[in-house]
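For the single chain, residues carry numbers from 1 onward in sequence order.
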Amino acid sequence: YAPWCPACQQIELTWESFAKESERLDITVGKVDVTQEPGLSGRFFVTTLPTIYHANDGVFRRYRGSRTLEDLQGYVLERKWEAVEPVAGWKSPSSIMMHGMAGLFHLSGWIRQIHSYLTGTLGIHVWISYAIFILATLLIGLFLGL
């Protein structure tokens, strides 16, 4: 989830109720703020918010059902997750590819921080900051090409 996401705000009360029922359901319920954990959102390849995963014994399944409390509980109690295809091995959060994706998400956060520093702290115009990043990208590409 993200604090600024309207869909995440809409499901928040339902999710909190679901979390309160977690002991009865014999599960653990959590939530991750993608603005605070960009690597984790990269590892799970989160492209839409909110994104819900079911994990059991290292096997991950993406929940795409209704976001009502009854449907979330039914997914667990009635073991509906067994009928859902697990995330493919190469897209599994523990795969090497998703470790790399997490690194790219961390890099994007780092680039945003540099951009904010250049434009906010140093007062450089936004387009000049973009030009600096373009030049850096070209130079890194040339260097790697050598």
Side-chain angles (χ1 to χ4, degrees), residues 1-22 25 27-76 80-146:
Y1 85 100
W4 49 262
C5 169
C8 298
Q9 293 167 357
Q10 185 177 14
I11 192 177
E12 189 169 11
L13 292 176
T14 302
W15 193 253
E16 294 299 324
S17 298
F18 186 53
K20 288 177 185 172
E21 293 289 320
S22 63
L25 298 171
I27 60 172
T28 302
V29 175
K31 64 181 182 179
V32 176
D33 182 348
V34 296
T35 63
Q36 299 297 315
E37 299 291 339
L40 195 57
S41 66
R43 186 169 289 197
F44 280 85
F45 203 63
V46 174
T47 56
T48 59
L49 294 174
T51 299
I52 300 172
Y53 277 94
H54 172 267
N56 187 24
D57 295 330
V59 178
F60 297 90
R61 291 172 173 85
R62 185 161 175 197
Y63 177 78
R64 297 181 190 268
S66 170
R67 307 288 171 91
T68 66
L69 180 59
E70 295 77 23
D71 286 335
L72 290 167
Q73 290 173 339
Y75 186 78
V76 175
K80 292 179 181 178
W81 52 270
E82 291 177 334
V84 176
E85 188 73 28
V87 173
W90 65 274
K91 284 178 66 176
S92 173
S94 57
S95 72
I96 292 173
M97 183 163 173
M98 290 298 116
H99 281 282
M101 188 65 71
L104 288 175
F105 275 61
H106 277 296
L107 177 64
S108 72
W110 186 67
I111 290 171
R112 273 194 305 272
Q113 288 178 333
I114 292 172
H115 176 71
S116 294
Y117 175 75
L118 291 174
T119 58
T121 306
L122 298 181
I124 294 174
H125 193 275
V126 172
W127 289 105
I128 294 173
S129 175
Y130 292 160
I132 290 170
F133 282 109
I134 290 169
L135 182 62
T137 302
L138 290 173
L139 290 175
I140 290 169
L142 287 172
F143 177 74
L144 291 175
L146 294 176

**Q** Report, one line per pair, each donor and acceptor closer than 3.5 Å where one atom sits in a side chain of residues 12-22; sequence neighbours left out.
**A**
unit_1 : atom_1 : unit_2 : atom_2 : d
Trp15  : NE1    : Gly30  : O      : 3.2
Glu16  : OE2    : Lys31  : NZ     : 3.2
Ser17  : OG     : Leu13  : O      : 3.1
Glu21  : OE1    : Arg24  : NE     : 2.6
Glu21  : OE1    : Arg24  : NH2    : 3.0
Ser22  : OG     : Ala19  : O      : 2.7

**Q** Name every donor-acceptor pair, under 3.5 Å, that has one atom in a side chain of residues 117-139 and the other anywhere in the protein, sequence neighbours excluded.
**A**
unit_1 : atom_1 : unit_2 : atom_2 : d
Thr119 : OG1    : His115 : O      : 2.9
His125 : ND1    : Trp127 : N      : 3.1
Ser129 : OG     : His115 : ND1    : 2.7
Thr137 : OG1    : Phe133 : O      : 2.8

**Q** Please report the shortest heavy-atom distance between Pro3 and Asp33, naming the atom on each side.
**A**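 Result for this residue pair: CD-OD1, 3.3 Å.
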**Q** Do any side-chain atoms of residues 45-58 form donor-acceptor pairs under 3.5 angstrom with protein atoms, and if so which ones, sequence neighbours left out?
**A**
unit_1 : atom_1 : unit_2 : atom_2 : d
Thr48  : OG1    : Arg62  : NH2    : 2.9
Thr51  : OG1    : Thr48  : O      : 2.3
Tyr53  : OH     : Phe44  : O      : 2.9

**Q** Inspect the surroundings of CD in Gln9 and state if more than 12 heavy atoms from other residues, nucleotides or ligands are less than 6.0 Å away.
**A**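 Correct, the count exceeds 12.
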**Q** So, taking the atom named CD1 in Ile11 and the one named OH in Tyr1, what distance separates them when rounded to the nearest 0.5 Å?
**A**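 The OH atom of Tyr1 is 13.0 Å from CD1 of Ile11, to the nearest 0.5 Å.
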**Q** Answer whether the closest heavy-atom distance between the side chains of Tyr75 and Leu25 falls below 4.5 Å.
**A**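 No; the side chains remain at least 4.5 Å from each other.
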